[in-house]
Amino acid sequence: MVPTLRFYVCLLMIGGGAMVMAQMSTIPNAVGTLVIADGLLLLLTVIDYGRGRKRKITVQRQPLGPLSIGRENPVTITVANSGPSAIAKIKDDYPAAFLVTDEIKTAQVLPQGSTQLSYHVQPRQRGEYRWGKVNVRQLCPWQLTWHQWTVGEGETVTVHPDLMGLKSLTIRLAQATTGNLRQMRKLGLGTEFRELRDYQAGDDLRYLDWKASARRGIPLMRVLEPEREQTVIILLDRGRLMTAWVQGLQRFDWALNTSLALAVTALHRGDRLGIGVFDRTVVSWLPPERGLHYLPKLLKTLTPLQPVLQEPDYGAAIGQLVQQQTRRALVVCITDLIDPTASRELLTALTQLAPRYLPFCVTLRDPQVDQLAHSPATTVSGAYQQAVAINLLQQRQLALAKLKQKGVLVLDAPADKVSEQLVDRYLQLKARTLL
């Protein structure tokens with residue numbers, strides 16, 4: 001039972017009235033009157049509390065599923081009110097490390113029936129977090145006291161990589177496969193036969209199927225699709241540079257989201273996918289498999305991994321890859337670099353893969369550096385920051401240019417946009433049969 005402001009106002013009014021009566025000699029026994037008035041107020045408060053308990057609302061938090069890092073995850077609380085409209089305060093005991101938007105803080109006027117209240121939490125790090133109970137305060141009918149209680153039990157929630165992004169990507173890939181998007185199959189797109197279709201004006205006659213056309217008596221065109229069951233290997237760096245914070249997340253988390261986006265795309269396209277995570281050594285290795293059933297295993301293995309303050313050994317990672325994967329494969333190394341000197345080991349290791357493999361270096365750029373380099377400087381300190389940012393970008397481009405000269409494919413993109421660009425590049429490689 002928590003007294004309200006109305007209760008304290010009534011208490012002050014009674015005390016003030018008693019003081020006035022005490023100063024008036026014509027009104028005897030002012031103290032006794034004060035005691036009776038206070039007792040009556042307490043009695044009314046207890047009765048009000050009892051009435052409030054009988055009209056208690058029902059509060060239930062909807063089950064919490066896996067949360068996505070860096071995303072606004074909705075949390076829904078259902079309130080059922082069987083009586084007349086009620087005033088209540090609801091406070092969920094979410095983990096303190098989460099950023100919260102649209103939090104339920106103010107008193108809610110709840111009509112009769114069922115009401116859904118929602119807010120969003122945004123985790124910044126993966127892992128397991130303890131989620132507490134729901135704290136509820138309901139205003140009793142006479143508004144003299146709050147009835148306070150807690151609902152539910154505490155539970156442990158797990159913050160995963162960006163599952164929301166993977167879900168939307170899966171939908172987009174499914175739509176593209178069925179032809180609902182503009183990425184539709186075209187004549188000559190790939191090397192594997194897909195189907196026959198009727199000739200349309202403007203079609204390339206090189207893909208005319210003469211035998212089938214002769215049997216049917218109408219011109220039929222061969223529709224090709226990219227070759228399936230090729231191999232994609234992802235090498236994910238979790239070394240020192242991946243510990244930096246970029247756009248609210250560690251660079252490793254952006255890289256992990258990118259790895260899973262590429263994995264979903266490759267598995268959806270029928271390719272075999274393997275992944276290795278390394279620092280000084282290869283700390284996790286999943287050999288290539290195909291099929292979307294492989295995705296839960298990837299999530300279970302990769303979710304607990306965190307970046308470490310160690311210099312990565314690119315040579316050791318590439319050496320183990322060559323031993324494990326003898327057939328040609330697309331090798332995607334997701335990492336970051338600074339300049340040609342600091343990245344010499346990365347350059348040496350990746351250039352050794354060509355031409356037996358198809359090496360692909362993906363680096364995650366900090367958008368803040370881009371902004372500093374391209375924004376006009378208005379102060380002396382701003383000019384120095386701009387000069388440093390421009391120099392960093394130039395050194396970065398020099399290192400990437402050396403990789404390109406050695407036959408390594410390169411993608412350098414802002415950390416928050418690299419997933420989409422990498423998926424597009426992979427689909428282009430498949431369409432051009434470069435794997």
Side-chain angles (χ1 to χ4, degrees), residues 1-17 37-124 127-159 163-164:
M1 184 169 62
V2 180
T4 64
L5 180 61
R6 175 177 292 188
F7 172 84
Y8 289 112
V9 170
C10 293
L11 196 61
L12 288 174
M13 292 177 63
I14 293 173
D38 285 343
L40 181 60
L41 177 61
L42 290 175
L43 177 61
L44 292 175
T45 303
V46 172
I47 295 175
D48 189 29
Y49 179 72
R51 295 182 65 200
R53 291 191 63 181
K54 292 180 180 179
R55 299 181 180 180
K56 187 170 70 171
I57 60 178
T58 302
V59 179
Q60 181 181 12
R61 182 177 59 216
Q62 297 300 317
L64 297 168
L67 304 180
S68 295
I69 188 172
R71 293 274 188 166
E72 290 193 345
N73 301 266
V75 181
T76 302
I77 297 176
T78 302
V79 182
N81 182 20
S82 58
S85 61
I87 299 177
K89 293 181 179 180
I90 299 174
K91 178 69 170 65
D92 200 1
D93 189 13
Y94 53 82
F98 291 178
L99 296 178
V100 180
T101 55
D102 308 322
E103 185 178 5
I104 308 170
K105 288 184 177 179
T106 58
Q108 300 283 333
V109 180
L110 304 171
Q112 186 176 9
S114 181
T115 305
Q116 285 194 338
L117 307 176
S118 63
Y119 66 100
H120 295 81
V121 295
Q122 185 176 358
R124 293 301 184 96
E128 293 186 346
Y129 294 86
R130 187 64 182 172
W131 203 297
K133 302 179 180 180
V134 180
N135 300 284
V136 184
R137 277 188 181 183
Q138 182 178 348
L139 192 62
C140 296
W142 293 339
Q143 299 186 9
L144 292 174
T145 182
W146 293 95
H147 178 210
Q148 179 173 301
W149 72 98
T150 58
V151 177
E153 297 294 335
E155 57 182 308
T156 300
V157 295
T158 304
V159 178
L163 300 180
M164 292 184 180

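Bear in mind the structure is a predicted one, so any value in this text is a computation, not a measurement.
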Candidate pair Thr45 and Phe7, rule side chain to side chain contact (heavy atoms under 4.5 Å, CB included), full reasoning: CA-CA 8 Å; Thr45 303; Phe7 172 84; 3.3 Å; yes
Residues Met164, Asn73; criterion side chain to side chain contact (heavy atoms under 4.5 Å, CB included); working and verdict: CA-CA 9 Å; Met164 292 184 180; Asn73 301 266; 3.3 Å; yes
Check against side chain to side chain contact (heavy atoms under 4.5 Å, CB included), Gln122 and Arg71: CA-CA 5 Å; Gln122 185 176 358; Arg71 293 274 188 166; 6.0 Å; no
Candidate pair Ser118 and Asp102, rule side chain to side chain contact (heavy atoms under 4.5 Å, CB included), full reasoning: CA-CA 8 Å; Ser118 63; Asp102 308 322; over 6 Å; no
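Counting only residues at least two apart or on different chains, no ring-ring contact (aromatic ring centres under 6.0 Å, His included) pair has a member in residues 68-92. Residues in residues 43-84 take part in these ring-ring contact (aromatic ring centres under 6.0 Å, His included) pairs, two or more places apart or across chains: Tyr49-His147.
Distance check: Cys10 SG to Leu44 CG gives 9.0 Å after rounding to the nearest 0.5 Å. Put simply, OG1 on Thr115 and CG on Leu110 are 5.5 Å apart, with the number rounded to the nearest 0.5 Å. With values rounded to the nearest 0.5 angstrom, Leu64 atom CG is found 5.0 Å from Trp131 atom CH2. Summarising the geometry, atom CG belonging to Leu144 is positioned 9.0 Å from atom CG belonging to Leu139; distances are rounded to the nearest 0.5 Å. Distance CD1/Ile87 to OG1/Thr4: 10.5 Å, rounded to 0.5 Å. Atom CD1 in Ile90 sits 6.0 Å away from atom CD1 in Ile77 (nearest 0.5 Å).
When all heavy atoms are compared, the tightest approach of Arg124 to Leu99 is NH2-CD1, 2.8 Å. The two residues Trp146 and Cys140 come nearest to each other via the heavy atoms C-SG, 4.5 Å. Here the shortest heavy-atom pairing between Val159 and Ser68 reads CG1-C, 4.5 Å. Scanning all heavy atoms of the two residues, the minimum distance from Glu128 to Thr158 falls at CG-OG1, 3.9 Å. Nearest approach of Arg61 to Glu155, heavy atoms of both residues: NH2-OE2, 3.4 Å. Closest heavy-atom contact between Glu103 and Tyr94: OE2-OH, 3.0 Å.
Residues Asn81 and Pro111 have side chains not in contact (no heavy-atom distance under 4.5 Å, counting atoms from C-beta outward). Residues Phe98 and Leu67 have side chains in contact (heavy-atom distance under 4.5 Å, counting atoms from C-beta outward). Residues Asn135 and Gln148 have side chains not in contact (no heavy-atom distance under 4.5 Å, counting atoms from C-beta outward).
A donor-acceptor pair under 3.5 Å is absent between the side-chain atoms of Thr150 and the main chain of Val134, judged by distance alone. With Gln138 contributing its side chain and Ile57 its backbone, the two residues share a donor-acceptor pair below 3.5 Å.
Counting heavy atoms of neighbouring residues, nucleotides and ligands inside a 6.0 Å radius, atom CZ of Arg53 does not exceed 12 of them.
Contacts of Trp142 classified as ring pair (Phe, Tyr, Trp, His ring centres under 6.0 Å), with partners at least two apart in sequence or in another chain: none.
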